[in-house]
Protein chains: 2
Amino acid sequence: MTRNTAEVTPTQLQAYFAFTEVSSLLRHAVEKQLRDAGDLSYVQFQLLATLGDSPDGRLRMTDLADRVVYSRSGLTYQAQVLEGRGLVTRAPSSDDERSVVVALTSAGRDVLGAVFPGHIDALHRLLFSSLTDADIADLARILQRAADHLRADPPRSAAPRRRKA
Amino acid sequence: MTRNTAEVTPTQLQAYFAFTEVSSLLRHAVEKQLRDAGDLSYVQFQLLATLGDSPDGRLRMTDLADRVVYSRSGLTYQAQVLEGRGLVTRAPSSDDERSVVVALTSAGRDVLGAVFPGHIDALHRLLFSSLTDADIADLARILQRAADHLRADPPRSAAPRRRKA
DNA sequence: TATTGTTATACTCTATAACTATA
DNA sequence: TATAGTTATAGAGTATAACAATA
């Protein structure tokens, strides 16, 4: 009987369960929208959006894998798929011949543009419409802190590889 | 140029991105813990935990699929796996001969018990340790509301099937 | 006719390990 | 020796559609 599950308050449990439920339901809905609007999987959208967010729309493979929390081989697979659809290009870095730089193409930006409005609409309908502005501000503040904390942990794309330092 | 992505405030975007980041990082960490501690996938844990939460530890297939947001065939697959490992049983319902009732076995409860402490520890370390009690209470309140709203939408386990009424 | 669940199938995704090339 | 990325492989998971049985 390992019934001693440390200390968890009911409020903590409620927060956690609500979080996972929102996460799951939102994820399903968003996945459907992305599939319908742009024939993108969630990971593919994350990859394109991450590239779109970065300066020049380009990132090294490993950096991209780190941000999306993905294995290197998994990223290679998806990068091939996206390249095959003309949404990204891959080219060796001039700085470091070992590195490959993934860059968003204009077609990739178009797809992102085609998908984003519906994505936002879904967010409004599913999430924001039920919350006040103050709630949303609280959420942003709290989750930003949690994200910063989580990111500090070292869950690197490939386990056996260490960080830069 | 569908550049009119409706109205999204920076705060909303921040809330959304932080939410997805926390969700993704937490999910990865928790999946690893579940795999290590009980050789369970995330979905399998959700299924066992949902059964454990319900009265008598038993639910009909469709009800279980609905709660975990899962396709019927996907649940059949996982139920077979879990039954093969002796963690659940399946038996036809006496009320309705069409229905199958899935029940948690004592071995299933043991696995849940073996996995839960580490699960809680991970939550503490990854999530709660970075937040104040007030933050957690806010989170619980806000996300509970969001979850209620999302659940009201009809994202049933199998699309072509309607709800009870 | 509607609902419950299973099966057959086909596909997407994912990670691990081995490998090549560059630093 | 360490790092960047690819490939080969093999397995897990998922959904759709067709099906059988019961209500």
Side-chain angles (χ1 to χ4, degrees), chain A residues 24 27-28 31-32 34-36 39-47 58-66 68-85 88-102 155-165, chain B residues 24 27-28 31-32 34-36 39-47 59-66 68-85 88-103 155-165:
Chain A
S24 173
R27 173 74 170 254
H28 274 266
E31 268 178 351
K32 174 160 173 42
L34 292 173
R35 183 68 65 192
D36 292 348
D39 195 32
L40 293 177
S41 71
Y42 192 73
V43 172
Q44 287 165 354
F45 172 72
Q46 281 187 300
L47 293 172
R58 43 178 63 240
L59 280 173
R60 295 191 323 150
M61 289 289 283
T62 297
D63 293 333
L64 187 52
D66 277 356
V68 182
V69 191
Y70 213 51
S71 73
R72 289 169 286 141
S73 66
L75 178 55
T76 296
Y77 170 78
Q78 293 293 0
Q80 282 169 346
V81 171
L82 293 174
E83 189 179 38
R85 289 172 55 179
V88 304
T89 58
R90 286 188 295 172
S93 165
S94 46
D95 298 356
D96 185 337
E97 288 288 330
R98 295 172 303 182
S99 298
V100 167
V101 174
V102 187
R156 236 259 172 140
S157 53
R161 295 192 173 181
R162 287 201 334 283
R163 281 210 169 273
K164 51 201 172 194
Chain B
S24 174
R27 172 76 171 254
H28 275 266
E31 270 178 349
K32 174 162 173 41
L34 292 173
R35 182 70 63 193
D36 293 347
D39 194 31
L40 292 177
S41 71
Y42 191 73
V43 171
Q44 288 164 355
F45 172 71
Q46 282 187 300
L47 294 173
L59 280 173
R60 295 192 323 149
M61 289 288 283
T62 297
D63 294 333
L64 187 51
D66 277 356
V68 182
V69 190
Y70 213 52
S71 72
R72 288 170 286 143
S73 67
L75 177 56
T76 295
Y77 170 78
Q78 293 292 0
Q80 282 169 347
V81 171
L82 293 174
E83 188 179 39
R85 288 171 56 179
V88 304
T89 58
R90 285 187 294 172
S93 166
S94 46
D95 297 357
D96 184 338
E97 288 287 331
R98 296 172 302 180
S99 297
V100 167
V101 173
V102 188
R156 237 253 174 144
S157 54
R161 295 192 174 182
R162 288 200 336 280
R163 281 206 170 275
K164 52 200 170 195

Exercise. When you get a sec, tell me which of dT6(C), dC13(C), dG13(D) is the closest nucleotide to the side chain of Val100(B)?
Key: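 Ranking dT6(C), dC13(C), dG13(D) by closest atom to the Val100(B) side chain puts dT6(C) first.
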Point-to-point distance, once rounded to the nearest 0.5 Å, from [atom1] of [X] to [atom2] of [Y]:
X: Arg85(B); Y: Leu40(B); atom1: CZ; atom2: CG; answer: 5.5 Å
X: Arg60(A); Y: Asp66(A); atom1: CZ; atom2: CG; answer: 8.5 Å
X: Arg90(A); Y: Thr76(A); atom1: CZ; atom2: OG1; answer: 6.5 Å
X: Gln78(B); Y: Ser71(B); atom1: CD; atom2: OG; answer: 9.5 Å
X: Leu47(A); Y: Tyr42(A); atom1: CG; atom2: OH; answer: 11.5 Å

Nearest-Å distance for atom pair [atom1]/[atom2], residues [X] and [N]:
X: Leu82(B); N: dG13(D); atom1: CG; atom2: C1'; answer: 13 Å
X: Leu47(A); N: dC13(C); atom1: CG; atom2: P; answer: 11 Å
X: Leu59(B); N: dT4(C); atom1: CG; atom2: C1'; answer: 15 Å
X: Lys32(A); N: dA15(D); atom1: NZ; atom2: P; answer: 12 Å
X: Leu75(B); N: dT16(D); atom1: CG; atom2: P; answer: 15 Å
X: Met61(A); N: dG5(D); atom1: CE; atom2: P; answer: 6 Å
X: Tyr70(B); N: dT16(D); atom1: OH; atom2: C1'; answer: 15 Å
X: Glu31(B); N: dC13(C); atom1: CD; atom2: C1'; answer: 13 Å

Shortest non-hydrogen contact from [X] to [Y]?
X: Gln44(B); Y: Asp39(B); value: OE1-O, 4.0 Å
X: Ser93(B); Y: Val101(B); value: CB-CG2, 3.8 Å
X: Met61(A); Y: Leu75(A); value: O-CD2, 2.9 Å

Quiz prompt | Sidechain N-carboxylate O distance under 4.0 Å for Arg35(A), Glu31(A) | solution =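 Result for this pair is no, no salt bridge flagged.
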Examine [N]: is either OP1 or OP2 under 4.0 Å from a nitrogen or oxygen in the side chain of [X]? Give yes or no.
X: Gln44(A); N: dT12(C); value: no
X: Gln78(A); N: dT14(C); value: yes
X: Thr62(B); N: dT3(C); value: no

Self-check item: 5′-ward residue of the pair Val81(A)/Ala79(B) relative to DNA chain C
Solution: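 Its nearest nucleotide lies further toward 5', so the answer is Ala79(B).
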Under 3.5 Å, which protein N or O atoms sit close to an N or O of nucleotides 21-23 of chain D? Give each pair with its distance.
residue	atom	partner	partner atom	Å
dA23(D)	OP1	Glu97(B)	N	2.9
dA23(D)	O4'	Arg98(B)	NE	3.4
dA23(D)	O4'	Arg98(B)	NH1	3.4

Close N or O pairs between protein and nucleotides 7-10 of chain C (under 3.5 Å):
residue	atom	partner	partner atom	Å
dT7(C)	OP2	Gln80(B)	NE2	2.7

Exercise. Quick one: label Ser41(B) by what it contacts on the DNA or RNA (base, sugar-phosphate, nothing), any heavy atom closer than 4.0 Å.
Key: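 Here Ser41(B) touches the backbone only, sparing every base.
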Practice problem: Assign each of His28(A) and Ser99(A) to its nearest nucleotide of DNA chain D by heavy atoms, then name whichever residue's nucleotide is nearer the 5' end. | Solution: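 Looking at DNA chain D, the more 5' nearest nucleotide goes with Ser99(A).
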Self-check item: Gln46(A) vs Tyr70(A) side-chain heavy atoms within contact, under 4.5 Å
Solution: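 Not in contact.
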